[in-house]
Peer 1: 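Here it is: the structure, laid out below.
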Amino acid sequence: MINVERGNRLKQCRAMLKKTLKELGNAHQVSIGSLSSWESGSSLITEKNIHKIISMLATEGLICSKEWLLEGRGEAPYLYSTQVKKGEKKPSFDLTDQFLFFKEIESFKKLHPEMLITLVKDDSMLPFLKTGDYVGGHVLSKNEYEREQGNICIVETEKGEYLIRQFFIRDQDKILLLPKNPSPEHNFLLLEEEPLKIAPVTFMRRF
């Protein structure tokens, strides 16, 4: 069953990219047979090849975490697009560098299981953080919330989302989250329910 679930998640990623098995395999020197067997669940997506898959997807412009692909946990994958002006070439990824980058992040997660580590998915915290950065921090106990007011924090909500915003406490212990770079899409948030976890950003890694 776990094979099929992982395969379905990989198939979902390919559908988001609007790529056929042949197109994806040929572009990244991965056999169509391997891709097909991963998607169908006849072969398990293992720890050994997960980084290769994540790097392949990232090169195509889709950000997908290891936790989501292997276990269905955390934030769902999303398309990362950069606007390209006329006459400019679309920026390319170096697969070797990207592979090493993901390896570094995964190693860091294993060494620091007590930390919240996630990917920045929008530019609401510019100029401090930008899309594609990894950030992390130690999870706070509730009695530590007060001292972190005004700091940039990672907030895990009941919906399984990770929000990265400036953190404040308002009346009746409600949590207010402010962007540094507000826009109609990324305005302030006043949380109605208590978050699962909060961690001040003390670690940032930029690819």
Side-chain angles (χ1 to χ4, degrees), residues 16 51 54-55 57-69 73-85 88 90-94 97-141 144-170 174-191 194-207:
M16 291 175 68
H51 294 287
I54 289 173
S55 292
L57 296 173
T59 304
E60 292 290 335
L62 187 139
I63 304 301
C64 178
S65 71
K66 173 182 172 182
E67 290 83 3
W68 185 86
L69 193 55
R73 293 190 296 108
E75 296 183 87
Y78 70 99
L79 290 167
Y80 171 68
S81 59
T82 55
Q83 291 190 345
V84 182
K85 294 180 181 178
E88 289 184 351
K90 187 176 180 179
S92 60
F93 291 87
D94 183 283
D97 287 348
Q98 183 122 17
F99 176 79
L100 293 174
F101 176 74
F102 280 114
K103 287 278 284 185
E104 179 186 335
I105 293 297
E106 292 306 320
S107 296
F108 190 86
K109 285 182 179 180
K110 288 180 181 178
L111 288 172
H112 302 278
E114 75 286 0
M115 295 183 75
L116 273 187
I117 301 174
T118 190
L119 189 70
V120 179
K121 294 176 62 175
D122 58 55
D123 288 332
S124 60
M125 298 309 291
L126 283 174
F128 303 99
L129 301 168
K130 68 177 185 178
T131 304
D133 291 345
Y134 268 91
V135 292
H138 288 268
V139 176
L140 299 172
S141 60
E144 294 176 305
Y145 287 2
E146 189 75 29
R147 76 180 190 198
E148 295 298 337
Q149 288 204 80
N151 290 335
I152 297 174
C153 292
I154 306 164
V155 179
E156 183 181 5
T157 71
E158 283 189 338
K159 296 178 181 178
E161 297 177 305
Y162 291 95
L163 303 173
I164 304 162
R165 297 289 190 274
Q166 194 174 13
F167 170 80
F168 294 95
I169 300 174
R170 284 295 174 260
K174 288 190 176 180
I175 290 172
L176 176 68
L177 302 177
L178 297 180
K180 288 287 190 180
N181 181 37
S183 68
E185 297 82 18
H186 308 296
N187 212 325
F188 75 90
L189 291 170
L190 188 63
L191 298 185
E194 189 172 331
L196 299 179
K197 294 176 184 176
I198 296 176
V201 173
T202 56
F203 159 84
M204 191 275 283
R205 181 73 168 86
R206 180 166 291 164
F207 178 68

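Scope of the values below: all heavy atoms of this structure, side chains included, with no hydrogens, waters or symmetry mates.
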Peer 1: Using a 4.5 Å cut-off on heavy atoms from C-beta on, say whether the side chain of Pro77 contacts that of Leu57.
Peer 2: no
Peer 1: Any donor-acceptor pair under 3.5 Å linking the side chain of Asp123 with the backbone of Thr131?
Peer 2: yes
Peer 1: Given 3.5 Å as the limit, does a donor-acceptor pair link the side chain of Gln149 with the main chain of Ile169, or not?
Peer 2: yes
Peer 1: If you take all heavy atoms of Arg165 and Ser124, which pair is closest and at what distance?
Peer 2: NH1-OG, 2.9 Å
Peer 1: Any side-chain heavy-atom pair from Met115 and Thr202 closer than 4.5 angstrom?
Peer 2: yes
Peer 1: I need the Met204 CE to Ile164 CD1 distance, nearest 0.5 Å.
Peer 2: 11.0 Å
Peer 1: Please examine the side chains of Leu191 and Val155, heavy atoms only from C-beta on, and report whether any two atoms are closer than 4.5 Å.
Peer 2: yes
Peer 1: If you measure from CG on Leu140 to OH on Tyr145, what distance do you get to the nearest 0.5 Å?
Peer 2: 7.0 Å
Peer 1: If you measure from CD1 on Ile63 to CH2 on Trp68, what distance do you get to the nearest 0.5 Å?
Peer 2: 13.5 Å
Peer 1: Do the non-hydrogen side-chain atoms of Asn181 and His186 ever get within less than 4.5 Å of each other?
Peer 2: no
Peer 1: Quick one, Met125 and Val120 - any side-chain contact, counting heavy atoms below 4.5 Å?
Peer 2: no
Peer 1: Rounded to the nearest 0.5 Å, how far does CD of Glu161 lie from CG of Leu196?
Peer 2: 11.0 Å
Peer 1: Apply the test side-chain contact (heavy atoms from CB on, under 4.5 Å) to residues Phe128 and Val135: give CA-CA distance (whole Å), side-chain angles for both, the deciding distance (0.1 Å), then the verdict.
Peer 2: CA-CA 11 Å; Phe128 303 99; Val135 292; over 6 Å; no
Peer 1: How close do Gln166 and Gly150 get, counting heavy atoms only, and between which atoms?
Peer 2: NE2-O, 3.0 Å
Peer 1: Return the CG to CD1 distance between Leu178 and Ile152, rounded to the nearest 0.5 Å.
Peer 2: 11.0 Å
Peer 1: Please confirm whether the backbone N or O of Pro184 pairs with a side-chain atom of Asn187, one donor and one acceptor, at under 3.5 Å?
Peer 2: no
Peer 1: Using the side-chain contact (heavy atoms from CB on, under 4.5 Å) rule, pick out the option among Ile198, Asn151, Val201, Ile154 that qualifies with Phe167.
Peer 2: Ile198
Peer 1: Please report the interatomic distance NZ(Lys121) to CG(Leu129), rounded to the nearest 0.5 Å.
Peer 2: 15.0 Å
